[in-house]
Amino acid sequence: MGDVVGSWQVALSDGVHKVEFEHGTTSGKRIIRVDNKEVLRHDWLFKLVGKETFKIGKHQCTINIDAVSGFAYEYSLDVDGKPLEKFSENRSKISRTWTLKLAGIDYRVVLEKDTLDLWINGQRVETEAEFTDEGTQTIFDIAGHPAILKAVSSGRRNSGLYHALLVDGCEIPPASEKENP
C-alpha cells in the first residue's frame with residue numbers, strides 16, 4: 001500500500017466500510033480497496049485526473065480526482081451521487097444506530113426508519129412487531145439476549161418518533177453521530 005492518498009469511512013446498514021484509494025501521480029496507477037479487499041485496479045493511465053466508480057453493496061460510489069495546482073491533487077468520495085458528508089447527514093435522518101457489547105462481543109444494531117428493517121452486525125434480522133399504548137415495540141434477540149426496540153411519539157410534531165433499544169431490560173444509548181451516520 002504505497003501511494004494511499006485517500007481514506008474514508010462509509011457507514012451503511014450492514015456496517016462501517018473503510019475505503020482506501022491509491023494514486024500513482026507519475027504512472028496514473030489507481031487502486032481502490034473496500035475493507036482491505038481490492039475492488040478496482042488500473043496499473044497505468046495517462047490521464048491523472050478523473051473519476052473512478054465502484055459499488056459497496058447496492059450503493060454507487062465515485063472517487064473524484066481533481067488537480068489543484070501543478071502536481072497536487074484533491075480526492076473526494078461521493079456515495080449515491082452525493083458528497084460523503086451529505087450522504088452521511090441524510091443517512092442519520094433515515095436510520096438509527098446503537099452499539100453494545102454482550103459477552104465480550106461487539107454488536108452494531110441499525111434501524112432503517114424508512115423500511116423498518118433491522119440489522120445486527122450487517123445481517124438483516126427477523127422481528128415481531130406489536131402495538132402498545134405508547135406506540136410500537138419490535139421484539140427480537142441478540143445472541144440469545146431478549147431485545148425490544150420501542151418507537152414512541154416524541155410529543156412534538158417536528159421531532160417524529162423517539163426510538164429506544166432495550167437489551168436484557170436495560171436501555172442502550174444511541175451511538176454517537178460519528179458511529180451513527
Side-chain angles (χ1 to χ4, degrees), residues 1-101 105-127 149 158-161 163 165 173-181:
M1 291 204 247
D3 301 314
V4 174
V5 293
S7 182
W8 300 271
Q9 300 286 322
V10 181
L12 302 172
S13 296
D14 66 345
V16 179
H17 300 278
K18 180 181 179 187
V19 176
E20 287 184 315
F21 181 57
E22 281 189 42
H23 186 216
T25 54
T26 52
S27 66
K29 174 183 78 172
R30 299 175 186 180
I31 299 172
I32 298 173
R33 287 185 193 82
V34 176
D35 300 328
N36 297 319
K37 181 179 176 224
E38 195 173 292
V39 296
L40 183 137
R41 174 185 283 267
H42 296 295
D43 285 321
W44 186 264
L45 288 174
F46 290 107
K47 191 174 179 189
L48 296 176
V49 296
K51 300 175 184 285
E52 290 297 344
T53 303
F54 61 101
K55 285 192 169 231
I56 301 176
K58 64 181 181 182
H59 299 278
Q60 186 79 23
C61 301
T62 303
I63 293 178
N64 303 295
I65 308 155
D66 297 304
V68 258
S69 66
F71 287 101
Y73 298 91
E74 183 175 280
Y75 307 94
S76 61
L77 177 66
D78 293 345
V79 181
D80 291 342
K82 296 179 183 74
L84 178 59
E85 297 76 23
K86 185 74 175 163
F87 173 81
S88 297
E89 185 181 302
N90 289 348
R91 282 228 22 107
S92 72
K93 292 176 186 170
I94 64 164
S95 68
R96 189 65 58 231
T97 304
W98 296 266
T99 55
L100 65 142
K101 190 177 282 232
I105 299 171
D106 290 321
Y107 292 93
R108 183 173 188 268
V109 179
V110 178
L111 168 67
E112 289 183 346
K113 294 190 285 187
D114 55 348
T115 62
L116 298 180
D117 286 339
L118 196 63
W119 300 75
I120 299 174
N121 289 355
Q123 300 295 313
R124 190 170 164 270
V125 296
E126 292 300 316
T127 62
L149 180 63
N158 294 340
S159 299
L161 296 174
H163 294 90
L165 175 64
S176 70
E177 279 304 310
K178 227 176 174 78
E179 299 170 284
N180 187 26

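- In this structure, NZ on Lys51 lies 9.5 Å from CD1 on Ile65, to the nearest 0.5 angstrom.
- A salt bridge links Glu22 to Arg33: at least one charged side-chain nitrogen sits closer than 4.0 Å to a carboxylate oxygen.
- Of the inter-residue distances, the one linking Leu111 atom CG with Leu116 atom CG reads 6.5 Å to the nearest 0.5 angstrom.
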| request: Please step through side-chain contact (heavy atoms from CB on, under 4.5 Å) for the pair Glu89 and Glu85, ending with a clear verdict. | output: CA-CA 6 Å; Glu89 185 181 302; Glu85 297 76 23; over 6 Å; no
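- For the atom pair OG1 of Thr97 and NE2 of His163, the computed distance is 12.0 Å after rounding to the nearest 0.5 Å.
- Atom NZ of Lys58 has 12 or fewer neighbouring heavy atoms from other residues, nucleotides or ligands inside a 6.0 Å radius.
- Scanning all heavy atoms of the two residues, the minimum distance from Ser13 to Val110 falls at O-CG2, 3.9 Å.
- Here the CD1 atom belonging to Ile94 is positioned 11.0 Å from the CZ atom belonging to Arg96, to the nearest 0.5 angstrom.
- Using a 4.0 Å cut-off between charged nitrogen and carboxylate oxygen, Asp43 and Arg41 count as a salt-bridge pair.
- With values rounded to the nearest 0.5 angstrom, Leu84 atom CG is found 9.0 Å from Trp8 atom CH2.
- When all heavy atoms are compared, the tightest approach of Pro83 to Asp78 is CA-OD1, 3.4 Å.
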| task | Could you give me the CA-CA distance, side-chain angles and deciding distance for Ile56 and Val19, then say whether side-chain contact (heavy atoms from CB on, under 4.5 Å) is met? | result | CA-CA 9 Å; Ile56 301 176; Val19 176; 3.7 Å; yes
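- With salt bridges taken as basic N to acidic carboxylate O contacts below 4.0 Å, none links Lys18 and Asp35.
- Taking NZ of Lys82 as the start and OG of Ser88 as the end, the distance is 11.5 Å to the nearest 0.5 Å.
- Between Ser95 and Lys113, the shortest heavy-atom contact is N-CE, 4.0 Å.
- Between Leu165 and Leu100, the shortest heavy-atom contact is CD2-CD2, 4.3 Å.
- Of all heavy-atom pairs between Val34 and Phe54, the closest is CG2-CE1, 3.8 Å.
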| said: Please determine whether side-chain contact (heavy atoms from CB on, under 4.5 Å) holds for the pair Glu20 and Asn36, giving the CA-CA distance in whole Å, both sets of side-chain angles, and the decisive distance to 0.1 Å. | reply: CA-CA 8 Å; Glu20 287 184 315; Asn36 297 319; 4.0 Å; yes
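- In this structure a side-chain-to-backbone donor-acceptor pair under 3.5 Å is present from Asn121 to Asp106.
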| Steps toward side-chain contact (heavy atoms from CB on, under 4.5 Å) verdict (Val16, Arg108) | CA-CA 10 Å; Val16 179; Arg108 183 173 188 268; 3.9 Å; yes
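- Aromatic ring pairs are classed by plane angle as parallel below 30°, tilted from 30° to 60° and perpendicular above 60°; the pair His23 and Phe21 is parallel.
- The two residues Arg30 and Val49 make their nearest non-hydrogen contact at NH2-O, 3.1 Å.
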